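Reminder, nothing fancy here: chain letters follow the sequence lines and each chain counts from 1. Note that these values count all heavy atoms, side chains included, but never hydrogens, waters or copies made by symmetry. Small disclaimer: the values here were computed from a predicted structure and weren't measured.
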Number of protein chains: 2
Amino acid sequence: MSEPVAKQNLSAEQWAEAALDAMASSGLEAVSVEPLARRLGVTKGSFYWHFANRDALVRAALELWERHETTDAIALVRDEPDPYERIVKLFKRANTSHRAGRLYLALAAASDDPAVGAVVQRVSAQRLAYLQQSYQALGLNEHDARLWSTFAYATFIGNQQVHRDAPEQFPSGTEFREYFKLMLRTLIPHGLAAVAPIQNAEHPHVVSLHKTVES
Amino acid sequence: MSEPVAKQNLSAEQWAEAALDAMASSGLEAVSVEPLARRLGVTKGSFYWHFANRDALVRAALELWERHETTDAIALVRDEPDPYERIVKLFKRANTSHRAGRLYLALAAASDDPAVGAVVQRVSAQRLAYLQQSYQALGLNEHDARLWSTFAYATFIGNQQVHRDAPEQFPSGTEFREYFKLMLRTLIPHGLAAVAPIQNAEHPHVVSLHKTVES
DNA sequence: TTCAATCAGTACGCCAGCGTATGCTGCAAG
DNA sequence: CTTGCAGCATACGCTGGCGTACTGATTGAA
């Protein structure tokens, strides 16, 4: 993001972080050794000291990303016993963290690459699983929770996409806050159980609000 | 899509279509002259007869894509006077046409390129505008229609993304049909709209609101 | 038949990015 | 101070894709 800051003695992780930066702003293809070295103010000689080849760098970056994503999610989770608030927090983060969003989109776009695809799939699956779990904690049965969580997750991702691809059209400022509220009250079937915070995903007295669908 | 079919006398449009195929399956970077020529069973000599350079091919492909997207949308529109059914049809198409979805995602991923970005933005804006218009026809005021249409569009896009990035997790078969219905009845505030125009987009079923964000 | 336009093939130079080999420098242990 | 090694620089060869110049081949009209 900045100029060739002539840092001394880079570490492998710094290379990986730089690779993630490059991805976030210009996609996986932008993770190329010589340009990256230039941006870091060194030459290839340094790179091939820390990594066997470009692929190794990509792998390291992916690993870093996956770790970040999972630990970040966990960190966001730990302190929040109320499932409703948990989901709200996840929404918030998804619609706030700009770099994380672009990173996800960049990696997802490159998921033809089997290495990338595998990581993207794991991260997606983990997010979805956690969302579903939160919806169940809200009082939905497993099936409905799966539908709603997929719905909500798709909307997360879609917002990032629209925000990037049509920034002019995407709500901002006050309107965004309204938009956000609309999504919240639409995507979280409240009025359900959330009154008393539930610690375990056991379904209490649950009335099926949006009744399970059937043809 | 198939093997080097040794066709005779390709046209520029065939090159452009092939370019779109390449994009859909492997991104913009895959639109490279020599590989494309191989896939088409010819050599570069042919290509540079039809196009000045690679950029011209990309531009032609983009033009083709934009035309397809707009005419397709219009074609889908013209015969359907009922706004509800119009939106349903758009939903259906968004969740059905696999190639179109991948194409959009590929182009969106490459929207750093200013030429690509401009087209993506125009197409997105047009889709959003049409969706908003349909929501207004449902009886929502302009503002609410804008919020709901953005919401719905983001969900469209997000579905494509999730379907591509986590195909295992995405509903399919019967479950998909349920999922689809859930989205429809959640994202289209019918019931309230069709008869009497409504100015406030309150969800009719929803009773109480958790106090949402600190806003 | 001729010939000109249209389309494709061949051969070449160029460049960016990858990877390798090897040389240079500073710093810390002996 | 010298030795060793971590960290980076330099120089080189290789490949793939771009673009150019030129040479065929086919076809339809004069």
Side-chain angles (χ1 to χ4, degrees), chain A residues 2-62 106 109-110 112-116, chain B residues 2-62 64 106-107 109-110 112-116:
Chain A
S2 23
E3 289 314 287
V5 177
K7 267 200 159 182
Q8 303 240 44
N9 286 18
L10 300 171
S11 70
E13 226 187 78
Q14 289 175 286
W15 278 98
E17 282 290 359
L20 288 181
D21 273 345
M23 280 186 205
S25 61
S26 313
L28 178 62
E29 320 284 332
V31 180
S32 36
V33 178
E34 277 149 322
L36 262 188
R38 261 171 270 154
R39 269 195 28 162
L40 289 173
V42 294
T43 62
K44 296 197 298 182
S46 169
F47 175 82
Y48 285 100
W49 172 257
H50 295 287
F51 295 94
N53 49 30
R54 180 190 175 258
D55 247 53
L57 171 63
V58 172
R59 278 198 302 274
L62 287 174
D112 332 308
D113 183 308
V116 178
Chain B
S2 20
E3 288 314 289
V5 177
K7 266 200 157 179
Q8 303 243 43
N9 286 20
L10 300 172
S11 70
E13 225 186 80
Q14 289 174 287
W15 278 97
E17 282 289 358
L20 288 181
D21 273 345
M23 279 186 207
S25 63
S26 312
L28 178 62
E29 319 284 333
V31 180
S32 38
V33 178
E34 278 150 322
L36 262 188
R38 262 171 267 155
R39 269 195 29 165
L40 289 173
V42 293
T43 61
K44 294 197 299 183
S46 168
F47 175 82
Y48 284 100
W49 173 258
H50 295 287
F51 296 93
N53 49 31
R54 180 190 174 256
D55 247 53
L57 171 63
V58 171
R59 278 197 303 273
L62 287 173
L64 200 61
L107 286 170
D112 332 308
D113 182 308
V116 178

inquiry  = In whole Å, I'd like the distance from the CH2 atom of A:W15 to the P atom of C:dC18.
reply    = 11 Å
Phosphate OP1/OP2 of C:dG17 contacted by A:R38 side-chain N/O (<4.0 Å) = yes
query = Between A:F51 (CZ) and D:dG7 (C1'), how many Å, whole number?
reply = 14 Å
request  = Please figure out whether A:G45 or A:V31 has its closest DNA chain C nucleotide nearer the 5' end.
outcome  = A:V31
query = What nucleotide, of C:dT10, D:dC18, C:dG17, holds the atom closest to the side chain of A:S32?
reply = C:dG17
B:R38 CZ to B:S32 OG distance, which is reported to the nearest 0.5 Å = 7.5 Å
query = So, is B:H50 close to the C:dA8 phosphate, meaning a side-chain N or O under 4.0 Å from OP1 or OP2?
reply = yes
key: Value in whole Å for how far the P atom of D:dA11 lies from CD of A:E34   = 14 Å
inquiry  = If I take atom NZ in residue B:K44 and atom P in nucleotide C:dG13, what distance separates them, rounded to the nearest angstrom?
reply    = 13 Å
query = Roughly how many Å is it from CG in B:N53 to P in D:dT20, rounded to a whole number?
reply = 8 Å
message = From CZ of A:R39 over to P of C:dG17, roughly how many Å is that when rounded to an integer?
response = 14 Å
ask   = Out of C:dC18, D:dC18, C:dA8, which has the shortest distance to the side chain of B:S46?
value = C:dA8
key: side chain to side chain contact (heavy atoms under 4.5 Å, CB included) assessment of B:Q14 paired with B:L40   = CA-CA 9 Å; B:Q14 289 174 287; B:L40 289 173; over 6 Å; no
Stepwise side chain to side chain contact (heavy atoms under 4.5 Å, CB included) check, A:D113 with A:V58 = CA-CA 11 Å; A:D113 183 308; A:V58 172; 5.6 Å; no
task = Round to a whole Å and report the spacing from CH2 of B:W49 to C1' of D:dT20.
result = 15 Å
ask   = A:V33 and A:Y48: side chain to side chain contact (heavy atoms under 4.5 Å, CB included), yes or no, with the steps?
value = CA-CA 9 Å; A:V33 178; A:Y48 285 100; 3.9 Å; yes
inquiry  = Rounded to whole Å, please give me the gap between OH in B:Y48 and P in D:dT20.
reply    = 7 Å
